Amino acid sequence: MLLIGVNRSPYTRRVAITLKAYGLAFEQSDLSGFGNRSEVRAANPLGRIPALVLDNGEALVDSAAIIDHLDEIVGRERALTPPAGAERRAVLRVAALMMGACDKGLHAAYERNHHPPEKVHQPWIDDCMAQMKQALAAVEAKVEPGQGYLLLGRLTQADITAFIAERLARGLKVDTPTEMPRLHAHCRKLLEQEAFRSTEP
Ligand SMILES: N[C@@H](CCC(=O)N[C@@H](CS)C(=O)NCC(=O)O)C(=O)O
């Protein structure tokens with residue numbers, strides 16, 4: 001399998017961490033959505049990373065669809081999203097909040113970085129960042145200090161998505177050690193695991 005994308009992208013890193021956590025072998029092509037437009041568009045017509053090219057040449061796009069496939073490969077017992085019921089809903093809720101937080105953070109970054117300065121609308125940036133922070137604060141409230149994982153006493157997509165969203169927030173100058181100290185500490189602890197550490201950009 002070939003993972004297309006740089007781990008600076010939270011979505012790509014989510015897939016990279018998941019692949020490593022599942023112990024699935026893969027190669028990675030460090031392409032960025034903006035820096036390597038034609039190569040990325042060859043794998044994903046939408047021009048976004050990540051894409052995952054399977055050994056038969058099929059290209060999967062969007063981190064959620066890619067992870068859905070990886071969950072199928074490893075089977076429902078090992079999948080980092082539980083197969084059904086309240087446990088599944090709880091993990092999906094955190095994952096949706098955290099992926100949405102990433103989306104809002106990137107909307108803010110794109111507004112700042114992809115518009116001429118006189119066209120940047122600061123209230124939109126502020127609103128996006130406020131939404132990102134509120135979602136992070138909701139997950140901060142779920143962190144039980146001393147517990148290794150957010151939910152179910154084991155690694156789930158709740159942890160992985162919280163990790164990549166907290167990382168992105170820090171990159172966008174959110175002071176998570178002060179504003180979300182438990183979440184920040186939780187993510188630092190996750191970084192001790194190989195799947196998280198080895199995917200550091
Ligand atoms: N929902 C998608 C989002 C992917 C995404 O927005 N990737 C960004 C990089 S962080 C990208 O490629 N942006 C380039 C673009 O939108 O043109 C996913 O979960 O994979």
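Each ligand, and each atom within it, is numbered from 1 in the order the structure gives. As the structure is a computational prediction, the values presented were derived from the model and not from experiment. Starting from 1, each residue takes its place in the sequence as its number.
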Out of V40, I49, N44, the nearest non-hydrogen contact to atom 4 (C) of ligand 1 is supplied by I49
For atom 1 (N) of ligand 1, the closest protein heavy atom turns out to be D62 OD2, 3.0 Å
The atoms of ligand 1 lying under 4.0 Å from a heavy atom of P50, numbered in the order shown, are 20 (O)
Ligand 1 to S63, heavy atom cutoff 4.0 Å, flagged ligand atoms 18 (C), 19 (O), 20 (O)
Exercise. Is E192 salt-bridged to K189, cutoff N-O under 4.0 Å?
Worked result: yes
Please tell me whether E111 and H121 have a donor and an acceptor in their side chains that are separated by less than 3.5 angstrom. no
L106 heavy atoms within 4.0 Å reach ligand 1 at atoms 10 (S)
Under 4.0 Å from one or more heavy atoms of S9, ligand 1 contributes atoms 9 (C), 10 (S)
### Geometric class of the H107/W124 ring pair [parallel <30°, tilted 30-60°, perpendicular >60°]
parallel
**Q.** Backbone or side-chain N or O of D103 under 3.5 Å from ligand 1 N or O
**A.** no
Modelled atom types, side-chain donor and acceptor of T18 and Q157, under 3.5 Å
yes
Residue, atom and distance of the protein heavy atom nearest atom 17 (O) of ligand 1 read F34 CE2, 3.7 Å
Among R41, R14, R48, closest by heavy atom to atom 6 (O) of ligand 1 is R48
Requested in this report: Please answer whether the main-chain N or O of F196 pairs with a side-chain N or O of R13 as donor and acceptor at a distance below 3.5 Å.
Outcome: yes
Within 4.0 Å of some non-hydrogen atom of Y110, the atoms of ligand 1 are 8 (C), 11 (C), 13 (N)
Short N-O contact, R167 and E200, less than 4.0 angstrom: yes
Within the structure, does Y11 bring an N/O atom to less than 3.5 angstrom of an N/O atom in ligand 1? no
I'd like to know if the side chain of Y22 pairs up with that of D71 as donor and acceptor (distance under 3.5 Å, no hydrogens or angles considered). yes
Hydrophobic clusters here meaning ILVMFWY residues chained together by side-chain heavy-atom distances under 4.5 Å, can you tell me if L155 and V143 are in one? yes
